[in-house]
Amino acid sequence: MDYFKKAIVLSLKEVTNLPEDEIAGFIEIPPDIKMGDYAFPCYSLSKTLKKSPAIIATELLSAIRPVAPVREVKALGPYLNFFIDKAIFSENISKKIFEEKDRYGCSAIGAGKTIVVDYSSPNIAKHLAVHHLRSALIGSGVYNVYKTLGYKCVGINHLGDWGTQFGQLIVAYKKWGGENAHTSYTVTDLNDLYVKFHQEAEKNPGLEGEAREWFKKLEAGDAEARELWQHFKDISLKEFQKIYDMLGIHFDAFTGESFYNTLVEDTVNRIKEKGLTRISEEALIIDLEPYNMPPCLLRKKDDATLYATRDIAAAEYRKKTYNFERMIYVVGSEQKLHFRQVFKALELMGHDWANHCIHVDFGLMKFKEGKMSTRKGNVVLLEDLLVEAVERIRKIIEEKNPSLENKETVAHEVGIGAIIFANLSTKRNKDVVFDWDAVLNFEGETGPYVQYTHARLCSILRKYGKPVATDIQYELLKEEETVILVKILSQFPLIIRKASEAYEPSLISNYLIDVCSSLNRFYNAHRVLSDDEELTRARILLVDATRQVIKNGLNILGMHAPERM
RNA sequence: GCGCCCGUAGCUCAGUGGAUAGAGCAACGGUUUCCUAAACCGUAGGUCAGACGUUCAAAUCGUCUCGGGCGCACCA
């Protein structure tokens, strides 16, 4: 609870005889700043006191003795509304931001605790496409949010580098891969082979069997299978890294599914020893019938392990290696059941940390025509999208600010930023229909809008040219636009905390839109630089504070905050 | 069939128990001798899918219905 709310709670405590916690729980922020800064609704008191809420509000008003920083109390209908001294408030907030700088919004609540975040996790031998963006960006955002709160974060790219599909790829490669495939292959070639395999397999079902054989060989450590697999992986990782670099996404580990291959045996044995398994339809399963779930398959009838088996082994390994406080899987909601099964399996194995594993799911990205599928080849490649975004920004710069220095860098920061922001600006559980025009629209509530606002603030500060100072006359920050802005700036730390609790980076992007639209309203209504020296100094401090908050927020989203654009 | 998610302005979305449901886009009108007009202001646009219920109070909670999406044994 902040200093301002605390003061109100204490004065209400005297007149209502309610416990502090209860009062604090009731206190609200009025919808309009004209109604005050905080409000106490009197509805619930009306039940015990048998009086109308409006009368209670009036009675409380006459009894209450407001002390600083509360300046005024009013009874507005069923609410008792509190008005904070604006000068004290803006001094308090401005100084805090000015002192903390890049650390404004940070906290130490995560000190000494580790969070594992599993995100992106694409399949090897396929291109990264636009529908891979969501996991990567939401995961990266969640990672940054937790880092801001002082947690030690471990970002893991759980590469899909294992499974029957590699058997399929090996078969396709050996049959149609060509002579000099080894030296010149790209992900495109691998992708073509994958598509071809599925086309051919429809005509010739025997191919599936061959593929299973090859995957078994791979699992058994067969030299030829192993070599081909490593080759596919190298090609893929090289291309992936290029795109992660473009997006500015960082991982602490690239331990994919194959990494757990050697651990799976032991995991399965321990599950067996606990008596959790049985054979059903020739497969080794954990029966989850009592929990109203389909069984968790550990081994197929050909003995090969599955996704779930490796996920269980991976979870144990990560707990042992990182001793996480919480582990977050940023994976699409179509895998909800899978994670419920895996978490339940972990629980049945006796791991008390099973409920520290969280599936942070998100909605599907699809075309108007339907689902995106690498297998069917109807995708938009991520690289194409990023290149196109940068290209469009480059044109806009040419048009609006042709004399800008570092055009290339800025075009990159703004273009990529636009894509990141667009992906993080709606709540994650919504399905998204991919639409080129919508993604590449840069007006209104977009990344470029936020960055542009930031650049203009930097421009003012450059023009001012003197150091920003906090020994200003805070009473000068009194217009409505100003007061609203300060208030919004004060909420940043709370927003970060909420974003962490809900695993929802969109709270940050929506908040930044709030900051920017309030700033722009202020900017258009009042001049910052003027002959009035005291007023200029006061507004400069506000400009600097706003610039700082926008920058900090953008960085959490994984975006740059260019100083000119 | 069963389970989960979604349904708010023409479109994309905020708002998830409190005061008059808000933004952006699209449409129309306006603002630049002035700190970057990638901005700002105004007009218009709503049966919060529907019904019933809980509550002093429901877009928000519950039940049901309708519509859309996803998942439900050897893919990941």
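To find a chain, count down the sequence lines: A is the first, B the second, and so on, and within it residues start at 1.
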Worksheet item: Does the distance from a Lys or Arg side-chain N to an Asp or Glu carboxylate O, for E391(A) and R394(A), drop under 4.0 Å?
Response: yes
Practice prompt. Have a look at Q335(A) and say if it touches a base, only the backbone sugar-phosphate, or nothing, with a 4.0 Å heavy-atom cut-off.
Written response: base
Worksheet item: Would you say the ring centroid of F421(A) lies under 6.0 angstrom from that of F442(A)?
Response: no
Fill in: Sub-6.0 Å ring centroid separation between F240(A) and H127(A)
no
Worksheet item: How long is the line joining CD1 of I513(A) and P of C13(B), in whole Å?
Response: 15 Å
Fill in: Length of the line joining I312(A):CD1 and A76(B):C1', which is rounded to integer Å
15 Å
Item to complete: Just call it for G77(A): base, sugar-phosphate, or nothing, with non-hydrogen atoms closer than 4.0 Å on any strand.
Response: nothing
Discussion item. Please determine whether a side-chain nitrogen of the Lys or Arg among K216(A) and E219(A) lies less than 4.0 Å from a carboxylate oxygen of the Asp or Glu.
Written reply: no
Practice prompt. To the nearest Å, give me how far apart CG (D32(A)) and P (G22(B)) are.
Written response: 10 Å
Worksheet item: Heavy atoms under 4.0 Å, any strand shown: does P41(A) hit a base, just sugar-phosphate, or nothing?
Response: nothing
Fill in: Same-atom distance (P) from G10(B) to U31(B), integer angstrom
29 Å
Worksheet item: Just checking E443(A): base, sugar-phosphate only, or nothing, at a heavy-atom cut-off of under 4.0 Å?
Response: sugar-phosphate
Worksheet item: Atom CG of L337(A) to atom P of C70(B): distance rounded to whole Å?
Response: 16 Å
Worksheet item: Does any N or O donor sit under 3.5 Å from an N or O acceptor when you compare the side chain of S506(A) with the base of A14(B)?
Response: no
Item to complete: Please measure how far the C1' atom in A37(B) lies from the corresponding atom in A44(B), and state the result in whole Å.
Response: 23 Å
Worksheet item: Which value, in whole Å, describes the distance between the C1' atoms of nucleotides G42(B) and G3(B)?
Response: 49 Å
Worksheet item: C13(B) P sits how many Å from N441(A) CG, rounded?
Response: 14 Å
Worksheet item: Does the side chain of C516(A) reach to within under 4.5 Å of the side chain of Y449(A), using non-hydrogen atoms?
Response: yes
Item to complete: Just call it for T164(A): base, sugar-phosphate, or nothing, with non-hydrogen atoms closer than 4.0 Å on any strand.
Response: sugar-phosphate
Practice prompt. Figure out the OH/C1' separation between Y449(A) and C40(B), and round it to whole Å.
Written response: 9 Å
